[in-house]
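Take a look at the structure set out below.
Not measured: the values here are computed from a predicted model. Heavy atoms only: backbone and side chains are in, while hydrogens, waters and symmetry mates are out.
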Amino acid sequence: MRDAYHEELDSIGEGLVEMARLVGSAIGRATTAILDADLKLAESVIAADAKVDDLQRDLEERAVALLARQQPVATDLRIVVTSLRMSADLERSGDLAQHVAKLARLRFPDTAVPRDLHATILEMGQLAQRLMAKAGEVIITKDVDLALQLEQDDDAMDLLHRTLFQHLMDDRWRHGIETAVDVTLLGRYYERFADHAVSVAKRVVYLVTGEHADELAQAEGRPGGDGDA
């Protein structure tokens, strides 16, 4: 009975890894869709989000069933509850990738991104994908040091986000209000996607150590951020 229980716990972890893989792929493909005005690719990203939603619902149902059947002890309870929170982060990440794709669809056959900002948006998309890949690796390995590194990696996304705003506030901006709104939204989508990847990693830290990531980073003298664990 306990073997089956731990197999179920493992399968929940595998579901989280699959969600991370899917949303990481989605943000990469959505970035290509918005930069290339690729309607077919945008539609595929939008449709694929249903699989992420289905995975989250399945994971939640299995986690609730485990809680009801097994009445897990403290450590296992932490795994189940933390997994539920991670699945919510990953589902929201999928929604953000879908938002990027929907903006690509909305502006088709034009692109929402001015040519002079293509490199910045491409870099944000690539960074978002790398952060989520690293979050997935953290779920698999339970590597606390790697998890704590994600917040430092996220500083690069914050810098790119500020770069977008510098362009928007520049007196030489000539792309109009609609494009300014599009770029503002895109910057927010990528910034929030990265935040969710960091949040997943922080939750793994809590799962492994029982301590919140910011408190652990502070105790070790690492730079720490604000978010929750």
Side-chain angles (χ1 to χ4, degrees), residues 19-53 88-136 149-201 225-227:
M19 287 181 73
R21 186 191 68 79
L22 288 173
V23 300
S25 173
I27 198 68
R29 291 184 296 120
T31 301
T32 300
I34 199 143
L35 293 178
D36 295 350
D38 188 329
L39 180 60
K40 184 177 180 180
L41 184 58
E43 294 284 11
S44 75
V45 174
I46 293 164
D49 188 56
K51 185 172 182 180
V52 176
D53 294 341
D89 278 313
L90 293 167
E91 190 275 332
R92 290 180 194 129
S93 298
D95 288 345
L96 290 162
Q98 187 183 58
H99 291 339
V100 174
K102 284 183 175 179
L103 186 56
R105 181 175 67 181
L106 178 66
R107 298 302 175 212
F108 181 82
D110 298 320
T111 177
V113 182
R115 179 59 58 181
D116 54 330
L117 289 179
H118 270 219
T120 303
I121 293 298
L122 176 61
E123 191 172 354
M124 293 181 87
Q126 291 173 339
L127 179 57
Q129 193 168 7
R130 288 198 303 272
L131 283 166
M132 190 55 72
K134 190 174 283 190
Q149 286 173 18
L150 254 79
E151 189 155 16
Q152 297 173 50
D153 296 341
D154 184 48
D155 290 343
M157 183 67 81
D158 294 336
L159 180 60
L160 289 167
H161 196 204
R162 287 194 295 272
T163 299
L164 281 185
F165 274 98
Q166 289 169 1
H167 281 280
L168 291 168
M169 300 303 293
D170 195 310
D171 291 339
R172 293 169 292 179
W173 179 264
R174 296 292 182 269
H175 302 296
I177 294 174
E178 183 177 84
T179 301
V181 171
D182 288 346
V183 170
T184 300
L185 288 172
L186 279 174
R188 183 61 173 161
Y189 296 154
Y190 287 113
E191 189 262 342
R192 287 300 298 151
F193 187 99
D195 285 348
H196 285 302
V198 171
S199 181
V200 167
D226 293 331

- Task: Go through the steps for Leu122 and Gln126 under the test side chain to side chain contact (heavy atoms under 4.5 Å, CB included), then give the verdict.
- Result: CA-CA 6 Å; Leu122 176 61; Gln126 291 173 339; 3.7 Å; yes
- side chain to side chain contact (heavy atoms under 4.5 Å, CB included) assessment of Ile34 paired with Arg107: CA-CA 9 Å; Ile34 199 143; Arg107 298 302 175 212; over 6 Å; no
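A 4.5 Å side-chain heavy-atom check between Thr111 and His118 finds at least one atom pair inside the cut-off. Proximity of Ser93 to Val52: side-chain heavy atoms (C-beta onward) are nowhere separated by under 4.5 Å. You'll find the side chain of Tyr189 stays beyond 4.5 Å of the side chain of Ile27, heavy atoms only. Two residues are said to be in side-chain contact when any heavy atoms from C-beta on lie closer than 4.5 Å; Thr120 and Glu123 fail this criterion. A 4.5 Å side-chain heavy-atom check between Asp38 and Phe108 finds every atom pair outside the cut-off. Using a 4.5 Å heavy-atom cutoff, the side chains of Val100 and Leu186 are in contact. For the pair Thr179 and Val183, the minimum side-chain heavy-atom distance is below 4.5 Å. Taking the side chain as every heavy atom from C-beta outward, Leu39 and Glu43 approach each other to under 4.5 Å.
Asp36 contributes atom CG, which lies 8.0 Å from atom CG of Leu41 (distance to the nearest 0.5 angstrom). The CG atom of Leu35 sits 6.5 Å away from atom OG1 of Thr31, with the distance rounded to the nearest 0.5 Å. Summarising the geometry, atom CE belonging to Met124 is positioned 5.5 Å from atom NE2 belonging to His161; distances are rounded to the nearest 0.5 Å. Once rounded to the nearest 0.5 Å, the distance linking OG1 of Thr163 with CG of Leu168 reads 11.0 Å. Note: Leu90 CG to Arg21 CZ = 12.5 Å, rounded to the nearest 0.5 Å. The NE2 atom of His167 sits 7.0 Å away from the CG atom of Leu164 when rounded to the nearest 0.5 Å.
Under the 4.0 Å criterion applied to side-chain N and carboxylate O atoms, Asp195 and Arg192 are assigned as salt-bridge partners.
When each of Leu96, Ile121, Leu127, Leu160 is paired with Tyr190, the side-chain contact (heavy atoms from CB on, under 4.5 Å) condition holds for Ile121 and for no other.
Nearest heavy-atom pair across Met157 and Ala128 is CE-N, 3.6 Å. Minimum heavy-atom separation, Gln129 to Gly28: OE1-CA, 3.4 Å. Here the closest non-hydrogen pair linking Ala20 and Gly136 is CB-CA, 4.0 Å. The two residues Ala112 and Asp182 have their closest heavy-atom pair at CB-OD2, 3.8 Å. Of all heavy-atom pairs spanning Val45 and Ala97, the tightest one is CG1-O, 4.0 Å. Scanning both residues, Ala101 and Ala30, for their nearest heavy atoms gives N-CB, 4.0 Å.
Looking at Asp116 and His175, their side chains do bring a donor and an acceptor atom within 3.5 Å of each other.
Gln98 contributes a side-chain N or O that, together with a main-chain N or O of Ile46, makes up a donor-acceptor pair within less than 3.5 Å.
Applying the 6.0 Å contact sphere to CD1 of Ile177 captures no more than 12 heavy atoms from other residues, nucleotides or ligands.
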